[in-house]
Chemist: 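Would you mind keeping the following structure in view while I ask a few things?
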Amino acid sequence: MVDRYQRVLRDLRISVTDRCNFRCRYCMPQEVFGPGFQFLERAELLSFEEIARLASVSAGLGVRKLRLTGGEPLLRRDLDRLIAMLASIEGIDDIALTTNGSLLAARAESLVAAGLSRVTVSLDALDDATFAQMNGVGASVDRVLAGIDAAAAAGLAPVKVNMVVKRGVNDDAVLDMASYFRERGHVLRFIEYMDVGNTNQWHTDEVVSAADLRSLIGARWPLEPLAPLYPGEVARRWRYADGSGEVGFIASVTEPFCGGCTRARVSADGQLYTCLFGAHGHDLRSLLRDGSDDSAVSSALARIWGLREDRYSELRAAASVAGPKVEMSYIGG
Ligand code: SAM
Ligand code: SF4
Ligand code: SF4
């Protein structure tokens, strides 16, 4: 099954909640996502059974990898139960989780026991003052590091660590982060600050390009490029020449990778988005709830994917896109 640019559907990212215990300025700024913000009601969220059904139908269409995200996915109660349900689906060979890590330490073992294959933990600095500026709620670095340690101890090493770099806020934390995770064998990935959603007041001046980050790190610890592990890999991988592991760069702004984009996203209320920067989703929840059988859900998915022609990041580079977009906390990263 391919879209209009011959891209297959391989990965499904499932948001399990639009809520979060952080208020990262680049994702859910407090002044917008404050006490008056209307989050989804419980009845609007897809149930675990509905998510598993959607995943199973998607697997029938070629999806092999699932990623649970949000909002903060560990805020969804009993996430282990969902993971166990997903792990039993034929065709799914990889279940990953993206989390801010604050609730991971106590949960890592049971998530792995349920069938979690990989975890990505987001962390933007190693000092509490800078991290608090990024996460908006004063969350401590130690809690996240404890989550990373627990995940590694539970069998998920090496852990991937995502760092969004914002000029003038945490760009001075880059070398400390690289040093810390190199020594521990985890894979740090630098994410260019993106213009997702409409609320983060994004400006190109705040983006630190992957090329600049590579030079900064390479000047301290020489780097050598690595070949992608599979076609369409989002992060460009580089290894430390001294053999101390690798780093990744996710350069959505300066080196767009739409050409190999095999990802679809489902919001917590069952809207399918074929691009992270989509303006609207396709309502799958109605289909899941109106008595339609699996083949009807499968046909709808196939039709939506077949019509897909998203390549926002490539067009952004050509400065030809404008208008409202979906929020990251709603569909996940
Ligand atoms: N709450 C979880 C977390 O933070 O890992 C999962 C959801 S979060 C939306 C997924 C990823 O998106 C995180 O790694 C986060 O840093 C990244 N992200 C959010 N807003 C971003 C932005 N404006 N630019 C680049 N990355 C962003
Ligand atoms: Fe929450 Fe993750 Fe968004 Fe930060 S990036 S506000 S942790 S959803
Ligand atoms: Fe995929 Fe859209 Fe990102 Fe391009 S901009 S890589 S199409 S999600």
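Only heavy atoms go into these numbers, but all of them, side chains included; no hydrogens, no water, no symmetry mates. Quick caveat: nothing in here was measured; it's all calculated off a predicted structure. Whatever order the structure lists them in is the order used to number ligands and atoms, beginning at 1.
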Chemist: Tell me, do Tyr26 and Trp202 make a side-chain contact under 4.5 Å, heavy atoms counted?
Modeler: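 No, their side chains stay 4.5 Å or more apart.
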Chemist: Under a 4.0 Å threshold between the charged nitrogen and the carboxylate oxygen, would Arg19 count as salt-bridged to Glu41?
Modeler: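 Result for this pair is no, no salt bridge flagged.
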Chemist: With a cut-off of 6.0 Å (strictly less than), are more than 12 heavy atoms of other residues, nucleotides or ligands near CD of Glu109?
Modeler: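 Result for CD/Glu109: open.
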Chemist: Please could you name the atoms of ligand 3 that Arg265 approaches to less than 4.0 Å, counting only its heavy atoms?
Modeler: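 Reading through ligand 3 atom by atom, the close ones are 8 (S).
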Chemist: Would you indicate whether the side-chain heavy atoms of Leu46 and Val266 approach each other to under 4.5 Å?
Modeler: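 Counting from C-beta outward, Val266 and Leu46 do come under 4.5 Å.
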Chemist: Decide, counting backbone as well as side-chain atoms, whether Cys258 has an N, O or S atom less than 2.8 Å from atom 4 (Fe) of ligand 3.
Modeler: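 It does; at least one qualifying atom falls short of 2.8 Å.
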Chemist: Going by an N to O cut-off under 4.0 Å, is there a salt bridge joining Arg285 and Glu50?
Modeler: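 A salt bridge is absent here (no side-chain N lies under 4.0 Å from a carboxylate O).
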Chemist: Which protein heavy atom lies closest to atom 12 (O) of ligand 1, and at what distance to 0.1 Å?
Modeler: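 Sorting protein heavy atoms by distance from atom 12 (O) of ligand 1 puts Met328 CE, 2.9 Å first.
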Chemist: Please could you name the atoms of ligand 1 that Asn200 approaches to less than 4.0 Å, counting only its heavy atoms?
Modeler: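 Under 4.0 Å from Asn200, ligand 1 has these atoms: 23 (N).
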Chemist: May I ask you to check if Arg182 and Tyr180 form a cation-pi contact, with NZ or CZ under 6.0 angstrom from the six-membered ring centre and within 45° of the axis?
Modeler: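 Geometry flag: not set, cation outside 6.0 Å or 45°.
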Chemist: Among Cys27, Gly70, Ser329, which residue places a heavy atom closest to atom 5 (S) of ligand 2?
Modeler: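 It is Cys27 whose heavy atom sits nearest to atom 5 (S) of ligand 2.
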Chemist: Under a 4.0 angstrom heavy-atom cut-off, which atoms of ligand 1 come close to Tyr193?
Modeler: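 By the 4.0 Å cutoff, the relevant atoms are 23 (N), 24 (N).
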Chemist: Looking at ligand 1, would Gly70 count as a contact under a 4.0 Å heavy-atom criterion?
Modeler: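 The answer is yes, since Gly70 has a heavy atom less than 4.0 Å from ligand 1.
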Chemist: Which ligand 3 atoms are under 4.0 Å away from a heavy-atom of Ser313?
Modeler: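 Listed by number with element: 5 (S).
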Chemist: Return the closest protein heavy atom for atom 26 (N) of ligand 1 as residue, atom name and distance.
Modeler: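 Result for atom 26 (N) of ligand 1: Val164 CG2, 3.4 Å.
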Chemist: Which of the atoms in ligand 1, numbered in the order shown and given with their element, are less than 4.0 Å from a heavy-atom of Gly71?
Modeler: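 Per the distance check, 1 (N), 2 (C), 6 (C), 7 (C).
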Chemist: Do the side chains of Arg81 and Glu49 get close enough for a salt bridge, i.e. N-O under 4.0 angstrom?
Modeler: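 Salt bridge flag = yes for Glu49 with Arg81.
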Chemist: Atom 1 (Fe) of ligand 2: which protein heavy atom is closest, and how many Å away?
Modeler: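 Checking every protein heavy atom, the shortest distance to atom 1 (Fe) of ligand 2 gives Cys20 SG, 2.3 Å.
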Chemist: For Tyr312, counting its heavy atoms only, list the atoms of ligand 3 lying under 4.0 Å from any of them.
Modeler: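 Within the 4.0 Å cut-off of Tyr312, ligand 3 contributes 5 (S).
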Chemist: Pick from Leu288, Asp293, Leu301: which one makes a side-chain contact (heavy atoms from CB on, under 4.5 Å) with Val57?
Modeler: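 Passing option: Leu301.
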Chemist: If hydrogens are left out, which of Thr274, Leu276, Ile250, Val196 has an atom nearest to atom 8 (S) of ligand 3, that is, the closest non-hydrogen atom?
Modeler: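 Among Thr274, Leu276, Ile250, Val196, the closest heavy atom to atom 8 (S) of ligand 3 comes from Leu276.
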Chemist: So which protein heavy atom does atom 20 (N) of ligand 1 come closest to, and at what separation?
Modeler: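 Ranked first by proximity to atom 20 (N) of ligand 1 is Tyr26 CD1, 3.2 Å.
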Chemist: Under 4.0 Å from a heavy atom of Phe277: which atoms of ligand 3 are those, numbered in the order shown and with their elements?
Modeler: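 Taking each heavy atom of Phe277 in turn, ligand 3 has 5 (S) under 4.0 Å.
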Chemist: Can you tell me which residue and heavy atom of the protein come closest to atom 4 (Fe) of ligand 2, and the distance to 0.1 Å?
Modeler: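 Ranking protein heavy atoms by distance from atom 4 (Fe) of ligand 2, first comes Cys24 SG, 2.3 Å.
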Chemist: Taking only non-hydrogen atoms of Glu192, do any sit less than 4.0 angstrom from ligand 1?
Modeler: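 Checking ligand 1 against Glu192, which is what was asked, there is a heavy-atom contact under 4.0 Å.
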Chemist: How does Thr69 reach ligand 1, if at all, at less than 4.0 Å between non-hydrogen atoms: by side chain, backbone, both, or neither?
Modeler: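 Looking at Thr69 and ligand 1, just side chain atoms fall under 4.0 Å.
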Chemist: Check ligand 2 against Asn100 and write out every atom of the ligand that is under 4.0 Å from a heavy-atom position of the residue.
Modeler: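 Once the distances to Asn100 are compared, the set is 7 (S).
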Chemist: In terms of atom number and element, which parts of ligand 3 are under 4.0 angstrom from non-hydrogen atoms of Asp310?
Modeler: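 Listed by number with element: 7 (S).
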Chemist: Between Asp18, Ile191, Val196, Val253, which one has a non-hydrogen atom sitting closest to atom 22 (C) of ligand 1?
Modeler: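 Comparing heavy atoms across Asp18, Ile191, Val196, Val253, the nearest one to atom 22 (C) of ligand 1 lies in Val196.
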Chemist: Between the side chains of Arg239 and Glu246, is the shortest nitrogen-to-carboxylate-oxygen separation below 4.0 Å, so that they form an ion pair?
Modeler: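 No.
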Chemist: Are Asp205 and Arg167 close enough for a salt bridge, meaning some N to O gap below 4.0 Å?
Modeler: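 Looking at Arg167 together with Asp205, the answer is no, because their closest N to O distance does not fall below 4.0 Å.
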Chemist: Give the numbers and elements of all ligand 3 atoms closer than 4.0 Å to a heavy atom of Phe257.
Modeler: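 Answer for ligand 3: 6 (S).
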Chemist: Show which atoms of ligand 1 fall inside a sub-4.0 Å distance from at least one heavy-atom site of Glu72.
Modeler: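 Matching atoms, with element in brackets: 1 (N), 2 (C).
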Chemist: For the residue pair Val187 and Val161, establish whether any side-chain heavy-atom pair is separated by less than 4.5 Å.
Modeler: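 No, their side chains stay 4.5 Å or more apart.
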Chemist: Could you go through Asp124 and Thr130, starting from their C-alpha distance and side-chain angles, then the distance that decides it, and tell me whether this counts as side chain to side chain donor-acceptor pair (under 3.5 Å)?
Modeler: CA-CA 8 Å; Asp124 298 327; Thr130 311; over 6 Å; no
Chemist: Hey, which atoms in ligand 3 end up nearer than 4.0 Å to a heavy atom of Cys261?
Modeler: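 In order of numbering, the contacting atoms are 1 (Fe), 6 (S), 7 (S), 8 (S).
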Chemist: Are Phe249 and Glu192 close enough that some pair of their side-chain heavy atoms sits under 4.5 Å apart?
Modeler: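 The answer is no; the side chains never approach within 4.5 Å.
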Chemist: Numbering the atoms of ligand 2 from 1, which are under 4.0 Å from a heavy atom of Gly71?
Modeler: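 The atoms of ligand 2 under 4.0 Å from a heavy atom of Gly71 are 8 (S).
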Chemist: Name the orientation class of the two ring planes belonging to Phe131 and Phe22 (parallel below 30°, tilted from 30 to 60°, perpendicular beyond 60°).
Modeler: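 Rings of Phe131 and Phe22: perpendicular, over 60°.
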Chemist: Measure the shortest side-chain to side-chain distance between Val297 and Arg53 over non-hydrogen atoms and say whether it is less than 4.5 angstrom.
Modeler: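 Counting from C-beta outward, Val297 and Arg53 do come under 4.5 Å.
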Chemist: Counting non-hydrogen protein atoms only, what is the nearest one to atom 3 (C) of ligand 1? Give residue, atom name and distance.
Modeler: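 Minimum-distance protein heavy atom for atom 3 (C) of ligand 1 reads Ser122 OG, 3.4 Å.
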Chemist: How does Thr99 reach ligand 1, if at all, at less than 4.0 Å between non-hydrogen atoms: by side chain, backbone, both, or neither?
Modeler: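 Contact part for Thr99 vs ligand 1: backbone (N, CA, C, O).
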Chemist: Check each atom of ligand 3 against the heavy atoms of Arg263 and keep those under 4.0 Å away; list them by number with element.
Modeler: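 Every atom of ligand 3 under 4.0 Å from some heavy atom of Arg263: 6 (S).
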Chemist: Nearest protein heavy atom to atom 2 (Fe) of ligand 3, by residue and atom, and its distance?
Modeler: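 Of the protein heavy atoms, Cys275 SG, 2.3 Å lies nearest.
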Chemist: I'd like to know if Arg64 and Asp94 make a salt bridge, using a cut-off of under 4.0 Å between side-chain N and carboxylate O.
Modeler: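 Here Arg64 does not pair with Asp94 in a salt bridge, since their nearest N and O are not under 4.0 Å apart.
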Chemist: Please work out whether the ring planes of Phe277 and Tyr312 are parallel, tilted or perpendicular, with thresholds of 30° and 60°.
Modeler: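 Parallel, since the angle between the ring planes stays under 30°.
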Chemist: Looking only at protein heavy atoms, which one is nearest to atom 24 (N) of ligand 1, and what is the separation?
Modeler: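 That would be Met194 N, 2.9 Å.
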